[in-house]
Amino acid sequence: MPNDNSIFLPFDLVEKIFSHIPSTDHATLSACSQTSKSFGESMQRRLFEDINLEYALTHERDGMNTLEDIEGDNKSRLLLSSLIANPALASYIHSFSFTGTESIPARWNIPEAQECPPPSILKILPLLTSLDTFSFYSGTNATPGRPQTSVHYEFLCSSLQTAIQDLFMRSDSIKSVTLTGVRGFPLNQLRRLTNIETVRISSVSLIQYISHYHCLSPPPYIIHPKSLHIEEMSKLYRESSSLDKLIHILHPQNGKRPTFSFARLESLSLMNSAANQKQTRMLIDAIPSETLTELAVTGPQNAIKRFHNRPYTDIPNFSLLRFRMLESLKLRGKVNNVYSASQDKFVIQSHCRWIGSVLTTLPQIMAHDTNDSGPHPPPLSLVIELEMTGPLSPTDIANLPFGQFTNVLNASIEGGALINTRLELHFYNFLVTYPSDIPNHSHINLKRLELIPTEVMPQGKPIPYDIYVEIFSYISNDDKDTLSACSQLAPCFREAMQKRLFKSINLDYEERHVDDIRGYEGRVMVWADEIEESRSKMLLRALKSNPELAEYIKELTITISHQGGYNMWPMLGDKTITANDFLSRVSSLTALSVMSNSRVVYAMYSETLQFAIRQLLARNTNLSSVNLSGIFELAIAEVQYLPSPLKSLTLGYISNIRPLLPGEDEDYPGDQDGPACAPTSLCIANRGAIDTFFDALRGEVNLQVKDEYSDSYYVHTYMRRTPYLILSKLESLEIYKSSFMNDVRDLLSFADCSKIQHIYIKTPFLSHSTHSIIFDDHEAPSYELKDAGATIGPLSLNGARLDLSDFSGLKSFETHGKMTFVQDASLLSTTISTHIPWLIQAIENLPRPNNVGLSAADNTHGPSLRSVRVVLHVVLKVINDNNKSGEVFALFNFSPLVSAMKKIQHQYTHLRDVACSLDFKVTVLQEDVPEHPHYNVEKEEFLETLQSNPTLQDDSDDNKVMLRVLDVRRLPYSSA
């Protein structure tokens, strides 16, 4: 579509914009859902997709616990009322999570005489039918002396237990379950979730609670998730027996299949610090070696050791040697500085020995392993987290036992192992004490300290790599100097910056004509570059020194400037004709554009340039958008080399002439059954260019043959079985310039009318009507038809008619017309010309629903229209001191055009909203000469004029036509 600075947004683009609204921004999503019926359902799906509720965790007199609605928080009640009023909304909820907190329940403020309503959670859970994720969290805020509370599942009230069990029994679509808000959850209740992939728990139970499904036999399904997270519990409830229960259900019992299995496990997070070394080993040993890619382990309680300087020979409680596909490893431990009464001093105890022993079992990936032909081990992300407890003096910090694991890492790296490892070392709760004689520095609490190795980050830059990448993402791809500087900052940034630096390339060349007796009339045209240090020459030097850079070039725009006269080839020299060499090196393009206003035909291009262009199209198999409108009379045979399918093709004038290939017989052409180009979008950029397409679309080829008895050429015509260009897959047609309407109709006849979804068209030639405007001092201006135009009127309208009623797949229609207001020195010769009559008939002939009453879901084969846009290009030419343009446009009758748009909106009311807009682009013609008066027309002023027009103020129904002024510019008369 032409760049007209328009702010009109197609339906699909508005949907894409809405997709960037965060799912947590409920206010904006709700507002968007009410903007149009077309967006209502999609916005409601996003509004209800992820539900998060909060409840008060209360303790009943019978010792049981339940979840009550919170005083002042009506979110849960509003959700319940919405689901009851519209049950279909429940199917939009895919993620449901609720948190039990120590808040004030609403029922505490209800008088005893009134009946307390049941908690809304008990009514919401039975309504959920399409869940993917279910989560129950504990949200009690922990304070000093008051650890975070977690309720045991056994002590949940029976009604809440039953509601959760019933949900799991009927919701086999659930893939993720989080139950960290309760302890002792019986995992057997998940056995009917056949699609479960992620389980997050704090502890498990072996008790099988009885529900009203007790009559059903236990399901044979084994719970085998891909991800298992065993979360840390508060110190008040830490226990290791829960892990024994998990190990128990991993094995068959009494001849029955196990409840739980690690057969598919890809990720294990064992964050329970109450675990002992035996439990940790048994859980990790149960994982198949070929599946595990992520592992996070907290140091076992009995693995914390007192620090001493003697060499250690600890035997690790588990081995990672067999996990060669491991991508992420997190080891979490503690460094405690605790007081020893027996020694009357602080003693350092830590997990550093345990971490070091585990690291000795890592798979040792050597450099030669990455050169093997087999599957390469993935890069390993290694994170070591240490929680520091107890006061530490600067002397203590200097003597901390980090060498117990860093020595292992250094030895592995020096031996050639861990070559792909990224290491991060995190410290938490770092309390540093200073001697009391240092004023105001009794202690400093460093909440988190991160150390990143110099192999990953530049020297002296303690900023994570990902932060640099995010910062660099804000650099515009057009800022080549900054991107180039960033690429030299550090080796780890070079490739990423070079990819952006070379992604989009814009080159400028000049047309130069040179003598060549083999060429067209003895002369050929080349793309030359005579500037010594031009962008194209510097780029070519870079590609020659590093050919891999060519793979980064994804978008290429070539602009050809036209120069008069011609240069002899020897005067140009090889160094100025660099385009051919450059084009031969590019092979990874996704978008290509050649822009030019030249009228030099493609047949005059040198043979080497034609060959370079042809090979460029054939070699870049990932091309999706191609604009060759800058090549005048492009040989249509060249498009056969474009990849298929091609999303977008833009052409200007084309030619069906091609030269006779070496060794080819004109009577038996060699490409009668060759490939064809079938774009999904076609743009025709030049005025009158449509007429050059028809012979090519019919498959007619004119073979240019040189007469063997003279230097002249003659043309041999034949029909290609498959035309070089076919429109059978066309979904979008854009015609940027005015054309004859019979040509447009003929062009559309080559396409499948059921596949066309978008049409952009300028009003055809000679389709305007002109009215004389008569001014009266006491009355509104009157209009008298002066010229009906060559194709407008009862007898000639058919010649310009555009009938799209059979294009059932059409989603958007956009058309551009003109309104020209001319006020000469005398008011008697004031006129206004407009394309509005043609625009009205075009809108009246758009596809319309055949069956009133069909819903949008039922009408799958009916018309798909969603938007109609009319852009009027207004030209104001006033040579009079008394500017009447405002008065004319304030009273001009737009009713027929607006009514045609509202009528089509009304006919689609039962299916969907059709967005209609009427846009204006204004050009004021002025000259800087004394005899021509100056008059100012501002954008806001012209919009106010239109808004005052009564024919543009029809609020009689719900159908609205959007009115906008896009631009006001000034040009001299000569440019009109």
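Note that the structure is a prediction, hence the values are computed from the model and not measured. FYI, side chains are in, hydrogens and waters are out, and symmetry mates aren't considered; it's all heavy atoms of this structure.
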Sole candidate of Leu190, Asn188, Leu187, Ile247 that passes side-chain contact (heavy atoms from CB on, under 4.5 Å) when paired with Phe260:
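Filter result, single survivor: Leu187.
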Would Ser728 and Asp752 count as a side chain to side chain donor-acceptor pair (under 3.5 Å) here? Give the steps.
CA-CA 6 Å; Ser728 58; Asp752 185 341; over 6 Å; no
Gap between atom [atom2] of [Y] and atom [atom1] of [X] - 0.5 Å precision:
X	Y	atom1	atom2	answer
Ser812	Gln757	OG	CD	8.5 Å
Arg869	Met901	CZ	CE	10.5 Å
Glu294	Lys330	CD	NZ	10.0 Å
Ser91	Leu83	OG	CG	10.0 Å
Glu327	Leu292	CD	CG	10.0 Å
Ile759	Glu814	CD1	CD	12.0 Å

Quick check: are there more than 12 heavy atoms from other residues, nucleotides or ligands sitting under 6.0 Å from NZ of Lys729?
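Counting neighbours around NZ of Lys729, 12 or fewer heavy atoms of other residues, nucleotides or ligands fall under 6.0 Å, so no.
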Would you say [X]'s side chain and [Y]'s backbone share a donor-acceptor pair under 3.5 angstrom?
X	Y	answer
Thr680	Glu731	no
His251	Pro258	no
Gln905	Val914	yes
Thr99	Glu54	no
His229	Glu231	no
Gln161	Leu156	yes
Thr291	Leu265	yes
Ser173	Asp132	no
Arg170	Pro126	yes
Thr298	Arg332	no

Before we go on, tell me: are the rings of Phe136 and Phe98 under 6.0 Å apart, centre to centre?
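Close enough - the centres of the two rings lie under 6.0 Å apart.
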Do the ring centers of Phe48 and Phe96 come within less than 6.0 Å of each other?
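Not close enough - the centres of the two rings lie 6.0 Å or further apart.
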Do you know the tightest heavy-atom contact between [X] and [Y]?
X	Y	value
Leu78	Ser81	O-OG, 2.8 Å
Gly184	Ser203	N-OG, 2.8 Å
Ala275	Thr280	CB-OG1, 4.0 Å
Gln189	Gln165	OE1-CG, 3.1 Å
Leu250	Ala286	CD1-CB, 4.3 Å
Ile196	Ile223	CG2-CG2, 4.2 Å

Taking the side chain as everything from C-beta on, heavy atoms only, tell me whether [X] gets closer than 4.5 Å to [Y].
X	Y	result
Phe262	Leu283	yes
Leu865	Tyr908	yes
Phe323	Leu329	no
Ile124	Leu53	yes
Thr101	Ile70	yes
Leu246	Ile230	yes

Test of understanding: with side chain to side chain donor-acceptor pair (under 3.5 Å), list the residues that count as partners of Asn195, not counting sequence neighbours.
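In terms of side chain to side chain donor-acceptor pair (under 3.5 Å), with neighbours along the sequence ignored, Asn195 is linked to no residue.
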Could you pull out all residues at least two apart from Ser171 that satisfy side-chain contact (heavy atoms from CB on, under 4.5 Å)?
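For Ser171, the residues satisfying side-chain contact (heavy atoms from CB on, under 4.5 Å) (neighbours in sequence not counted) are Leu167, Ile174.
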Please, which pairs that meet salt bridge (charged side-chain N to carboxylate O under 4.0 Å, His left out) have at least one residue in residues 74-95, sequence neighbours excluded?
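Residue pairs passing salt bridge (charged side-chain N to carboxylate O under 4.0 Å, His left out), neighbours aside: Asp69-Arg77.
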Would Leu243 and Leu270 count as a side-chain contact (heavy atoms from CB on, under 4.5 Å) if you check the C-alpha gap in whole Å, the side-chain angles of each, and the deciding distance to 0.1 Å?
CA-CA 10 Å; Leu243 296 178; Leu270 182 56; 4.1 Å; yes
Run the numbers on Leu80 and Leu127 for side-chain contact (heavy atoms from CB on, under 4.5 Å), then give the verdict.
CA-CA 9 Å; Leu80 179 59; Leu127 300 176; 4.1 Å; yes
Test side-chain contact (heavy atoms from CB on, under 4.5 Å) on Ser130 and His94; report intermediate values, then the result.
CA-CA 6 Å; Ser130 304; His94 297 300; 4.1 Å; yes
Please step through side-chain contact (heavy atoms from CB on, under 4.5 Å) for the pair Asn65 and Leu57, ending with a clear verdict.
CA-CA 7 Å; Asn65 298 275; Leu57 181 62; 4.2 Å; yes
Going by distance alone, is a donor N or O of one side chain under 3.5 Å from an acceptor N or O of the other, for Ser76 and Tyr55?
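Distance-only check passes for Ser76 and Tyr55.
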